[in-house]
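The sequence lines fix the lettering, A, B, ..., with proteins before strands; numbering per chain opens at 1.
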There are 2 protein chains.
Amino acid sequence: MGQPLSTTDKSPRRPNGRSARVRHQVLDAVRAQLVDGGFDLLTMEAVADRSGVHRTTVYRRWRDVGGLLADVLADATGDDWSPPQTGSLETDLAAVNREIHAALTADPPISTALIAASFRSPQAAEALRTFWADRHARCATIVRRAIDRGEVPADTDPRAVIIAATAPLYHTLVLLRSSADTGLAARSAHQVSVAARAGAFARPSSELLATGMRGSRVR
Amino acid sequence: MGQPLSTTDKSPRRPNGRSARVRHQVLDAVRAQLVDGGFDLLTMEAVADRSGVHRTTVYRRWRDVGGLLADVLADATGDDWSPPQTGSLETDLAAVNREIHAALTADPPISTALIAASFRSPQAAEALRTFWADRHARCATIVRRAIDRGEVPADTDPRAVIIAATAPLYHTLVLLRSSADTGLAARSAHQVSVAARAGAFARPSSELLATGMRGSRVR
DNA sequence: TCCCTAAAGCTATGGATGTAGCGATAAGAT
DNA sequence: ATCTTATCGCTACATCCATAGCTTTAGGGA
């Protein structure tokens with residue numbers, strides 16, 4: 001909740017006054033505009049008109065649409081999301097994947113809009129990196145619980161498991177833009193959990209021996 | 001080599017004359033501009049100036065930057081690329097991943113530019129879909145060879161294996177924009193091949209029985 | 001060789017986008 | 001209460017971006 005001004009990367013010198021009010025008006029306008037106009041109609045001018053804040057002010061503080069979305073994302077961080085807990089690695093991963101699927105196919109497509117914006121604005125890209133780093137860190141508990149249960153070897157790399165499980169879904173929906181069938185979420189979870197149980201996600205530098213052999217040297 | 005005009009989706013009525021010459025000039029200019037200017041300087045005006053073709057003509061035939069890149073991509077299809085053949089599923093997948101890694105970190109970043117453009121232009125998005133569909137189809141032979149060798153069950157889904165193996169790399173480099181260490185390519189290949197050998201990539205509707213059990217029903 | 005016309009060139013123009021400079025306002029310190 | 005100055009609002013302007021309408025050129029069939 002640090003209200004970092006996107007443009008200057010430092011907090012406003014007058015955080016309780018007009019600046020804060022303007023920021024709320026603008027971010028509300030961004031969300032509203034995104035809801036009933038989509039990404040295409042999310043323009044600096046539209047946001048300015050909708051918020052009642054002058055155009056030049058929006059330009060000054062947020063620079064471009066990516067900056068606006070980045071600030072919306074920053075405003076949304078610090079929520080209390082925690083990964084689902086269903087009793088097994090596979091079902092946990094599947095549940096996460098279903099949430100991702102829901103987010104990526106939601107209407108209005110806020111997530112997709114943010115990803116698209118990250119290719120235009122370094123600010124949005126950075127905000128997205130931060131967001132994902134946070135989510136990956138939280139999801140690591142899924143793998144740690146599986147380790148505690150003895151489901152997978154102790155040297156399993158949590159981050160690698162999470163990425164392997166979720167990447168196919170992102171890839172299909174975001175990059176290939178094909179309509180992933182509902183089973184993909186579950187199938188990816190299944191495949192990854194099979195590999196993880198076999199010790200394929202052991203950390204390279206670990207002394208603990210995994211069940212599967214590692215070290216697939218390439219060339 | 002059907003030279004489909006991107007804008008009209010139909011071939012030019014005079015395919016050997018000025019139209020073709022103009023197309024070559026423009027596509028050459030796009031490639032050149034991309035090489036020594038990057039995506040940011042790839043503008044309609046720059047391409048027009050560089051190619052010697054008038055601005056309005058470039059607009060008429062290609063509409064926007066995405067259209068230009070889409071046509072460049074279409075112009076590049078029909079190459080004779082074929083997946084590497086190294087003797088095992090794991091090393092084949094690793095080799096593919098290394099090619100992807102090289103392409104995504106190449107300078108100038110043509111692949112990344114195309115992906116970015118696909119979020120702005122439906123034409124570029126469609127071209128990219130086509131391109132990837134083609135590549136996935138060709139990569140399927142990697143899995144088929146593994147089936148023939150008896151490395152993996154006969155009902156293994158080739159496309160699912162390819163996507164699972166390559167998605168983490170795309171995800172890391174393109175979406176997370178973090179600098180994937182060189183080992184990621186090999187590790188993903190290893191993990192997927194372990195799961196595939198265990199039968200985790202069996203086609204849902206297959207009558208053939210895989211070695212591993214399937215059917216991870218969710219909820 | 002001579003038309004016909006598809007396609008390119010050109011000019012003009014409207015709209016969107018982004019910035020500069022300056023005066024006005026109000027947050028917060030004294 | 002008063003002053004200082006960060007921040008906003010406003011006007012004007014400079015580009016870019018994209019298209020419309022018209023003229024000119026040249027490919028390719030007769």
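- Here the C1' atom of nucleotide dT25(C) and the NE2 atom of H54(A) are 15 Å apart, to the nearest Å.
- In this structure, M44(A) places its CE atom 12 Å from C1' of dT19(C), rounding to the nearest Å.
- Between G66(B) and A117(B), the shortest heavy-atom contact is CA-CB, 4.5 Å.
- At whole-Å resolution of the value, CG in D64(B) and P in dA18(D) are 7 Å apart.
- The interatomic distance linking L42(A) (CG) with dT17(C) (P) rounds to 11 Å, in whole Å.
- Distance E45(B) CD to dG9(C) C1': 15 Å, rounded to the nearest Å.
- Checked by distance alone, R21(B) brings no side-chain donor or acceptor within 3.5 Å of a matching partner on the base of dG27(D).
- Here dG9(D) presents its C1' atom at 13 Å from CD of Q25(A), a figure rounded to the nearest Å.
- In the interface, the side chain of R55(A) is paired with the base of dG18(C) through a donor and an acceptor atom under 3.5 Å apart.
- Note on R63(A) versus D71(A): no salt bridge recorded, every NZ/NE/NH1/NH2 to OD/OE distance being 4.0 Å or above.
- Contact check on R138(B) versus D80(B) returns no salt bridge, with no Lys/Arg side-chain nitrogen under 4.0 Å from an Asp/Glu carboxylate oxygen.
- Look at CZ on R63(B): it is 5 Å from P on dT19(D), rounded to the nearest Å.
- A donor-acceptor contact under 3.5 Å links the side chain of T56(B) to the base of dC10(C).
- At whole-Å resolution of the value, CH2 in W62(A) and C1' in dT7(D) are 11 Å apart.
- Taking CG of N97(A) as the start and CG of L169(A) as the end, the distance is 5.0 Å to the nearest 0.5 Å.
- The shortest distance between the side-chain N/O atoms of Y59(B) and the OP1/OP2 oxygens of dA18(D) is below 4.0 Å.
- Side-chain atoms of T43(B) and base atoms of dC16(D) include no donor and acceptor less than 3.5 Å apart.
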